[in-house]
Amino acid sequence: MGSTNLESNKLEIYEFGPFEEDESFQIGFLIGQRFSKLIQNRLSTDLILQNQLLPFAQLQNSQTLIHTLSQTNKNKFPNYWNELKGIAQGSGVPFLNILLLNFRKEILPFIPKTEEYPKEEDINDDCSDILVVSNSMAVAVHNEDANVALVGHTYLVKVTLSNGTTFIAYTYAGELPSCAFGFNNHGVAFTLNSVPPCEEEIVGGAIGRNFVSRDLLEATSIEDALARFQRIHSSEASVGHSYNLIDTRTRRILNVETASRNRISVREIGETPFFHANMYLHLQAQDENSLSRQTRASSLAKESKSDFLALVGDTNNEKYPIYMTGPLLYTLCTAVIDLDEKILTIIEGNPKEKQESYVFSLS
């Protein structure tokens, strides 16, 4: 799992571990301490946190939801809960703020909407993936798109655990690794796509998506990753997500769509290129932004890795481009996972320009 840090790199990577004791808290504490300025700055400039999440958390009718979310996830994932506590203490910020960042997807749907603060899906993070496993190539290309508040507020962590697992995760400041993409020394990688649920689909106070993806970083195989989904969703997830699971050792990619009420749909990726934005393709409903990107992607060439990079770098549609440059949503970076070459490349800037920041070995 070596890496090449290229001169154009702007993204910091922090390597640490393993630990002899109190491992989970120490992981969070060291991340919080190392990136305290980024975390504090994000907290002060994140308008969703300042104008919606924090005011909501002060209301009497929010206490049951926040308490239930906390107890459910603490009981299911006590180690990751301790990581959150470590992040807060290491960065010197209130634990409530860290909690709200990590549960924002599970809380925002319950905040009353006003003209000043639109529906959550109107400010939702967006991502795009193009995937293929054919005789000639096996590639996953992922655009990490997010709200403007995340620009300059991300980093990489490389963590070695006491059980021998090492993972690298692209991480949002103040959040658990990783709600974006990551991989480990067992040959397992993943990328994520947000899929905004209908209001009637949300289960208040259930398992949070950040805890699900943190758990995936420790999967030992693609089968183990699927088993983790089954265990989590048998306990109930609050809202759904789309996960692209990648196994470099078996040359497989699966798209897994999940939803509340114990629903999971698995699609094996084959020789037909598969584009996924931020809507369910084989489980539920769709949205205009993702439909636009889906339609544009269907019209573009998909014969080579260069075609894939051109696709995720496409800006043809001014309102709903695949590669986003604001004012509300930005493509933070692009991850290219080549299962045959066994490398993960991070590109900052339009991927059509191929300006690589990091190249990681997946073997």
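A donor-acceptor contact closer than 3.5 angstrom is absent between the side chains of Asn143 and Ser128. A donor-acceptor contact closer than 3.5 angstrom links the side chains of Thr165 and His186. For the 3.5 Å distance criterion, the side chains of Glu175 and Asn102 fail to qualify, holding no donor opposite an acceptor. Asn41 and His153 share a donor-acceptor pair across their side chains, judged by distance under 3.5 Å alone. Between the side chains of Thr171 and Ser178, not a single donor N or O lies within less than 3.5 Å of an accepting N or O. For the residue pair Ser304 and Ser306, no side-chain donor N or O sits within less than 3.5 Å of a side-chain acceptor on the partner. Counting only N and O atoms by type, the side chains of Glu144 and Tyr172 include a donor and acceptor under 3.5 Å apart. Side chains of Tyr330 and Thr325: a donor-acceptor N/O pair is absent below 3.5 angstrom, by distance only.
Both tests hold for Arg34 against Tyr14: distance to the six-membered ring centre under 6.0 Å, angle to the ring axis within 45°.
Contact check for Leu300 versus Asp314: side-chain heavy atoms found under the 4.5 Å cut-off.
In terms of modelled atom types and a separation under 3.5 Å, the side chain of Glu257 and the main chain of Val266 share no donor-acceptor contact. Remark: side-chain polar atoms of Arg42 are not paired, donor with acceptor, to backbone N or O of Lys37 under 3.5 angstrom.
Two rings, from Tyr243 and Phe190, have their centers 6.0 Å or more apart.
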- Message: Between Leu38 and Tyr155, is the side-chain contact (heavy atoms from CB on, under 4.5 Å) condition met? List the steps.
- Response: CA-CA 9 Å; Leu38 277 186; Tyr155 41 79; 3.8 Å; yes

